[in-house]
2 protein chains.
Amino acid sequence: MTATTDQDAALRIAAGRKPFVEPLRLGERLKEIRLAHQWTLEDVSQRTGLARSTLSKIENDQISPTFTAVQKLINGLGIDLPQLLSPPRVQPRSMGRRDLTRRGEGQRHPTPTYEHELLSCELAQKRMIPFKTIVRARAFDEFSEWVRHDGEEFLMVLDGEILLYTEYYEPLALASGDSIYFDSAMGHALVSVSDADAVVLSVCTRGESST
Amino acid sequence: MTATTDQDAALRIAAGRKPFVEPLRLGERLKEIRLAHQWTLEDVSQRTGLARSTLSKIENDQISPTFTAVQKLINGLGIDLPQLLSPPRVQPRSMGRRDLTRRGEGQRHPTPTYEHELLSCELAQKRMIPFKTIVRARAFDEFSEWVRHDGEEFLMVLDGEILLYTEYYEPLALASGDSIYFDSAMGHALVSVSDADAVVLSVCTRGESST
DNA sequence: AAACCTCGTTTCCTATAGTGAACAGCGCAT
DNA sequence: ATGCGCTGTTCACTATAGGAAACGAGGTTT
């Protein structure tokens with residue numbers, strides 16, 4: 001209950017986190033998009049209202065654009081932000097791909113309440129997002145708000161026992177081996193109730209963008 | 001300046017693009033998150049490395065943060081960018097469905113080589129098909145032909161050890177906790193190699209081109 | 001080959017984002 | 001009350017992003 005405890009825990013987690021966002025080759029990505037459309041800097045300038053020089057500097061990582069600048073970009077280029085940030089690796093070929101993840105070798109992605117391990121992150125352009133999660137949260141009020149995202153989610157408890165809070169239902173106890181499928185636009189949150197932190201496997205659908 | 005803006009607008013309209021993107025109340029959103037966690041500006045400052053004053057101004061929309069600042073925010077707060085940008089996100093359509101399956105209570109569906117247990121079969125119209133499988137096969141030649149279906153498949157070994165045969169790759173040994181994601185149009189087949197029959201959890205995508 | 005073009009980069013200069021310090025407001029303990 | 005600690009805001013200054021114009025490298029025309 002004491003906010004300090006939660007705060008301290010969260011701080012520790014935050015401090016130990018790796019910088020998983022930092023590369024963010026925004027300039028590189030912008031250049032890719034521009035060249036893919038065969039646009040010149042002047043074209044993009046006209047579309048976005050940003051100066052040629054500014055665009056050049058952004059592409060060469062000489063400056064870090066303002067958020068308003070980013071908005072002008074996504075506006076003028078007719079793309080959305082995830083598209084601007086998403087890794088460039090595109091593979092139109094959708095036959096025979098595969099992506100192995102050995103136990104514990106996924107890409108870790110900690111948050112104060114969960115410790116995610118993304119499971120097949122080598123593969124872009126996939127329609128499901130699988131990840132294993134250690135549920136660190138112990139009480140519902142550790143969540144500032146509902147977790148919520150488009151699409152559907154399948155979840156199986158691998159270890160321990162959890163309580164699944166959902167926006168429209170009573171909390172549901174799930175033990176090892178139990179599974180559930182739900183619309184993930186409905187707010188949801190997990191807390192561990194077993195002695196050890198529970199481990200769950202989740203698979204989310206990826207929203208198909210309409211462009 | 002206004003000339004460029006008008007020109008830009010005209011270009012966008014001519015190109016058939018949507019008008020402006022949402023106002024993007026980033027400051028408001030940040031304040032929501034901060035207060036929801038019961039953090040003070042100082043707390044957030046420590047987490048993100050940004051000055052109190054800067055955070056205050058961002059919250060009150062007095063400045064437009066630099067992209068590096070946004071990165072520090074999402075890093076320090078342990079959230080990702082979509083979460084920072086999409087505050088309200090109300091339910092668009094079918095949502096709130098859920099389908100619970102207790103351990104061992106799925107719909108069984110035996111074959112000579114596999115013993116499937118369909119996991120969330122109450123729910124129609126879902127985009128993923130999850131099922132648990134006991135791999136009875138012990139040798140590859142027990143399969144008359146490749147298993148093959150449209151879409152993609154995610155698979156995690158829950159128990160035992162298997163060999164995954166695929167059309168275009170060498171057989172792959174997978175032990176408990178290992179997982180793999182692959183295009184399921186590529187022929188595939190599982191055999192148990194552990195003493196006990198292995199158990200795997202699979203999730204397949206459902207074909208999207210159905211009318 | 002010189003005189004354009006057009007593209008991307010670079011050079012100023014200004015506008016503004018980011019910072020530390022000072023400030024005012026509030027609760028709490030002497 | 002007075003003082004202390006902590007909050008969020010505002011000020012003054014520095015750092016840096018954004019814009020207009022100059023530059024320099026290729027290409028095309030004469």
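Every chain is numbered from 1, with letters handed out A, B, ... down the list of sequences. Side-chain atoms are counted along with the backbone in the values below, which use heavy atoms only and exclude waters and symmetry mates.
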Partner residues of Arg98(B) under the salt bridge (Lys or Arg N to Asp or Glu O under 4.0 Å) criterion, sequence neighbours left out: none
Nearest-angstrom distance from the residue atom CG of Leu55(A) to P of dC7(C): 14 Å
Under the ring pair (Phe, Tyr, Trp, His ring centres under 6.0 Å) test, residues paired with Tyr169(A) that sit two or more places apart: none
Could you list, one pair per line, each protein nitrogen or oxygen that sits under 3.5 Å from a nitrogen or oxygen of nucleotides 6-9 of chain D, together with the distance?
unit_1, atom_1, unit_2, atom_2, d
dG8(D), OP1, Arg34(B), NH1, 2.7
dG8(D), OP2, Leu41(B), N, 2.8
dT9(D), OP1, Asn60(B), ND2, 3.3
dT9(D), OP2, Ser56(B), OG, 2.9

Partner set under side chain to side chain contact (heavy atoms under 4.5 Å, CB included) for Ile63(A), not counting sequence neighbours: Thr54(A), Lys57(A), Ile58(A)
More than 12 heavy atoms of other groups within 6.0 Å of Glu42(B) CD: yes
For Glu161(A), salt bridge (Lys or Arg N to Asp or Glu O under 4.0 Å) partners two or more places apart: none
Which residues share a ring pair (Phe, Tyr, Trp, His ring centres under 6.0 Å) with Phe182(B), sequence neighbours left out: His188(B)
Spacing between Gln71(A) atom CD and dG18(D) atom P, to the nearest angstrom: 13 Å
Between dT16(C) (P) and Phe67(A) (CZ): distance, integer Å: 18 Å
With Ser202(A) via side chain to side chain contact (heavy atoms under 4.5 Å, CB included) - residues at least two apart: Phe131(A), Glu153(A), Leu155(A), Val200(A)
Polar-atom pairs under 3.5 Å, protein N or O versus N or O of nucleotides 14-16 of chain D: list them with distances, or write none.
none

For Asp178(B), all residues meeting side chain to side chain contact (heavy atoms under 4.5 Å, CB included), sequence neighbours excluded: Arg102(A), Arg103(A), Leu174(B), Ala175(B)
Secondary structure of DNA chain C in dot-bracket form (Watson-Crick or G-U wobble, distances below 3.5 Å, | marking inter-strand pairs): ||.|||.|||||||||||||||||||||||
Pairing residues for Leu35(A) by the side chain to side chain contact (heavy atoms under 4.5 Å, CB included) criterion, not counting sequence neighbours: Lys31(A)
Salt bridge (Lys or Arg N to Asp or Glu O under 4.0 Å): pairs with one or both residues in residues 66-76 of chain B, sequence neighbours excluded: none
